[in-house]
Student: 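Quick one: the structure is below, questions incoming.
Please read these numbers as outputs of a predicted model, since none were measured by experiment.
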Amino acid sequence: MKRSDMIARIGAISVGLTAPQLTKGEMLAAPYTIKKQKIETEILIFGGATAGVVAAIQAGRAGAKTTLIESGSQLGGTTSTGGVSFPGIFHARGKQIIGGIGWELVQP
């Protein structure tokens with residue numbers, strides 16, 4: 001097996017694109033096709049980092065038909081992908097000073 005074939009198989013498996021054809025050594029016909037479809041939305045948010053996710057949650061809670069578009073593999077921006085897991089300071093002098101969706105996201 002060629003190195004490039006192995007890398008392609010591992011990549012396909014890691015993102016869940018496995019198919020019976022891959023076990024036979026064949027490539028998927030069009031692994032990167034773009035499906036175009038028309039959508040109607042009231043609020044369009046580009047970027048699923050923390051601010052984009054919170055904006056989408058709030059818009060949805062307010063009753064707006066909301067669409068969130070993220071180009072990466074997961075939501076969360078540097079909080080999830082970059083491993084910056086310190087959510088912020090929600091308390092000062094023994095009293096909670098920040099709440100809202102940010103607080104809800106860090107709750108177990």
Side-chain angles (χ1 to χ4, degrees):
M1 175 183 305
K2 292 181 185 177
R3 182 173 183 256
S4 60
D5 292 336
M6 178 58 91
I7 291 170
R9 288 185 192 180
I10 291 171
I13 291 169
S14 69
V15 294
L17 298 175
T18 58
Q21 297 89 340
L22 291 177
T23 60
K24 298 175 186 173
E26 299 174 19
M27 295 299 293
L28 293 173
Y32 299 107
T33 58
I34 296 174
K35 179 182 176 186
K36 295 180 182 180
Q37 77 183 64
K38 183 177 179 179
I39 60 169
E40 292 186 24
T41 189
E42 295 174 316
I43 303 211
L44 178 61
I45 299 169
F46 289 95
T50 306
V53 170
V54 171
I57 291 170
Q58 186 59 44
R61 286 181 179 178
K65 187 172 180 182
T66 306
T67 303
L68 173 64
I69 297 176
E70 168 57 39
S71 65
S73 61
Q74 61 190 22
L75 297 177
T78 57
T79 302
S80 55
T81 307
V84 179
S85 59
F86 184 70
I89 299 172
F90 294 92
H91 295 81
R93 298 186 179 122
K95 191 174 179 185
Q96 184 173 350
I97 58 170
I98 298 174
I101 295 172
W103 177 248
E104 291 176 32
L105 292 174
V106 299
Q107 294 304 297

Student: What are the two closest heavy atoms between Glu70 and Gln74, and how far apart are they?
Tutor: CG-O, 3.8 Å
Student: Going by atom type alone, with no hydrogens or angles, which donor-acceptor pairs under 3.5 Å involve a side-chain atom of residues 41-57 and a protein atom two or more places apart or on another chain?
Tutor:
{"from": "Thr41", "atom 1": "OG1", "to": "Ile43", "atom 2": "O", "distance (Å)": "3.0"}
{"from": "Thr41", "atom 1": "OG1", "to": "Lys65", "atom 2": "O", "distance (Å)": "2.8"}
{"from": "Thr41", "atom 1": "OG1", "to": "Thr67", "atom 2": "N", "distance (Å)": "3.4"}
{"from": "Thr41", "atom 1": "OG1", "to": "Thr67", "atom 2": "OG1", "distance (Å)": "3.1"}
{"from": "Glu42", "atom 1": "OE1", "to": "Lys65", "atom 2": "N", "distance (Å)": "2.7"}
{"from": "Thr50", "atom 1": "OG1", "to": "Thr79", "atom 2": "OG1", "distance (Å)": "3.1"}

Student: Is there any side chain to side chain donor-acceptor pair (under 3.5 Å) pair reaching into residues 92-108, and which pairs are they, with sequence neighbours excluded?
Tutor: Arg61-Glu104
